[in-house]
Each structure stands twice: as C-alpha cells, then as structure tokens.
K.L.:
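Sharing a structure, written as structure tokens. Questions coming.
These values consider heavy atoms only, across backbone and side chains, with no hydrogens, waters or symmetry-generated copies. All residue numbers in this chain count up from 1 along the given sequence. None of the values given here were measured: they were computed from a predicted structure.
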Amino acid sequence: FKVPKDEKEPLFDKKEEKVLCLYEMDSNINCIVKRGEHKISASCSHIAAVPGPLYDCQGGVLVFCNGYVQYFPKSGEQSIIPIPCRKGTTSIILSSANYCKVGTWFILAQNQFGDLFLIKKDDDDQITVDYFDTIDVVSSMVILKQGFLATFGESNSYKFYSISSF
C-alpha cells in the first residue's frame, strides 16, 4: 500500500487523546445505545470487560495504562487502582482472562515481564490488584470452567496451568 505523492502521510500527534466509548445493548428496543465517552490516558495498552447483570455484578470496563488500572463501572464514579510493579519499572498489561460465576468475578492480567495480577472486587466493593504468579509471556489466555488457565504464546507454544482455588 503506497500513499499517493500528492497526499501527506498521517503523523502521530502525541497531544492526541484516546477516548473510550461505551455502548450497551438495549433489549427493549432491540438496538445498541451509546452510553458515554471517557477520555483515557494515551498510555492505555489493554481493556477488559467486567461481568454485568447476567452474573449479578455491576459491570463495567477496566482500562490498563502504564502503572495503573482505571475502572469505569456501569453506574457510579470511576476509580484508579495502582498495579504492583518491580523496583524501578512500570507494569504494562499485555493480556488478560476473566472468570465469572453468579455474584463473583476475577480477572488475571499479565504484564510485559510475565507477572500475573489478580483483579477482583473485595467485600467493600473496592477493586483490588494483587500479585498472583509469574509465567512465560503469552499473547492470549483463557480461564476454563474446570479450573485451568490455558495460555497461548508465540510460535505455537501453549501451556495449561491448574488453578487450585478461586
């Protein structure tokens, strides 16, 4: 693909801001409704969905930025939660997997060093981010209902880990 000589190539402007647009399926009128827009950091690297009313949870979106997580709930105020990091570095989340049961959920997120973080809602309805384990860096992962974490890396490498307790 070549840009014609008379057109200039688009340049990345560092002053540009990223915008998170939230949409919702309205089953009463059978269409998708825009719920809102939020400005987010330009360092945003990954987003994850938080389970909603189907699982008796509040629902929302987690936006992973360099060193912190922004939580945008379906209703209420957004919150910012720091991500634990190694000394002298910041965590950049590359992949995540979520698990949900009625009334509860958690998300495993992995940073560029292979560290896994457990993100869940505690008894006070506050989102917490805790270090969980370190595994090989993966491009995607899935938590199976049988209690296994399936990870898929580069060049056809995949592994299964057993999660003993949720």
K.L.:
Over all heavy atoms of both residues, which pair between Val129 and Pro84 is shortest? Give the atoms and the distance, please.
P.N.:
CG1-CD, 3.6 Å
K.L.:
For the residue pair Ala48 and Ile107, what are the closest heavy atoms and their distance?
P.N.:
CB-CD1, 4.2 Å
K.L.:
Tyr161: what forms a side-chain contact (heavy atoms from CB on, under 4.5 Å) with it, not counting sequence neighbours?
P.N.:
Ile135, Leu149, Thr151, Lys159
K.L.:
Can you label the angle between the Phe160 ring and the Phe152 ring as parallel, tilted or perpendicular, going by 30° and 60°?
P.N.:
perpendicular
K.L.:
So, for Ser91 and Ile83, which heavy atoms are closest and what is the spacing to 0.1 Å?
P.N.:
CB-CG2, 3.7 Å
K.L.:
Which atom pair, heavy atoms only, marks the closest approach of Ser41 to Cys65?
P.N.:
CB-SG, 3.9 Å
K.L.:
Under a single-linkage definition using a 4.5 Å side-chain heavy-atom cutoff for Ile, Leu, Val, Met, Phe, Trp and Tyr, are Trp105 and Leu108 assigned to the same hydrophobic cluster?
P.N.:
no
K.L.:
Glu154: which residues meet the side-chain contact (heavy atoms from CB on, under 4.5 Å) condition with it, sequence neighbours left out?
P.N.:
Ser139
K.L.:
Transitive ILVMFWY cluster of Ile47 at side-chain heavy atoms under 4.5 Å: who else is in it?
P.N.:
Leu20, Leu22, Ile40, Val61, Val63, Phe72
K.L.:
Is the shortest heavy-atom distance from the side chain of Gln110 to the side chain of Val138 under 4.5 Å?
P.N.:
yes
K.L.:
Determine the interplanar angle of the Phe64 and His46 rings, folded into 0 to 90°, and report it as parallel if under 30°, tilted if 30 to 60°, perpendicular if over 60°.
P.N.:
tilted
K.L.:
Indicate, with yes or no, if Ile163 and Leu118 share a hydrophobic cluster defined by side-chain heavy-atom contacts under 4.5 Å among Ile, Leu, Val, Met, Phe, Trp and Tyr.
P.N.:
yes
K.L.:
So does Thr128 get a backbone contact from the side chain of Lys120, meaning a donor-acceptor N/O pair under 3.5 Å?
P.N.:
no
K.L.:
Under the salt bridge (Lys or Arg N to Asp or Glu O under 4.0 Å) rule, what pairs show up with a residue in residues 27-48, not counting sequence neighbours?
P.N.:
Glu17-Lys39, Lys34-Glu37
K.L.:
Hydrophobic clustering (ILVMFWY, side-chain heavy atoms < 4.5 Å, transitive) - are Leu116 and Ile127 grouped together?
P.N.:
no
K.L.:
Salt bridge check, Asp115 against Arg86: does any charged N sit closer than 4.0 Å to a carboxylate O?
P.N.:
yes
K.L.:
Checking one residue: Ile92. Which other hydrophobic residues are in its cluster under the side-chain 4.5 Å linking rule?
P.N.:
Leu94, Val137
K.L.:
Other residues, nucleotides and ligands only: do more than 12 of their heavy atoms fall within 6.0 Å of OH on Tyr131?
P.N.:
yes
K.L.:
Would you say CD1 of Ile29 has more than 12 non-hydrogen atoms from neighbouring residues, nucleotides or ligands within 6.0 angstrom?
P.N.:
yes
K.L.:
Please confirm whether Phe117 and Phe132 have ring centers closer than 6.0 angstrom.
P.N.:
no
K.L.:
Show your reasoning for whether side chain to side chain contact (heavy atoms under 4.5 Å, CB included) applies to Cys85 and Thr90.
P.N.:
CA-CA 6 Å; Cys85 61; Thr90 59; 5.7 Å; no
K.L.:
With side chain to side chain contact (heavy atoms under 4.5 Å, CB included) as the criterion, how do Ile143 and Phe148 come out once you've worked through the C-alpha distance, each side chain's angles and the decisive distance to 0.1 Å?
P.N.:
CA-CA 6 Å; Ile143 300 172; Phe148 290 98; over 6 Å; no
K.L.:
Could you state whether Tyr23 and Met25 fall into the same hydrophobic cluster, counting links through intermediate Ile, Leu, Val, Met, Phe, Trp or Tyr residues with side-chain heavy atoms under 4.5 angstrom apart?
P.N.:
yes
K.L.:
Linking I/L/V/M/F/W/Y whenever any side-chain heavy atoms sit under 4.5 Å apart, do Ile119 and Met141 land together?
P.N.:
no
K.L.:
Under 4.5 Å side-chain heavy-atom separation, chaining through any Ile, Leu, Val, Met, Phe, Trp or Tyr, what else clusters with Ile80? Say none if it is isolated.
P.N.:
Tyr68
K.L.:
Walk me through whether Tyr71 and Lys121 qualify under side chain to side chain contact (heavy atoms under 4.5 Å, CB included).
P.N.:
CA-CA 11 Å; Tyr71 174 53; Lys121 201 167 226 185; 4.0 Å; yes
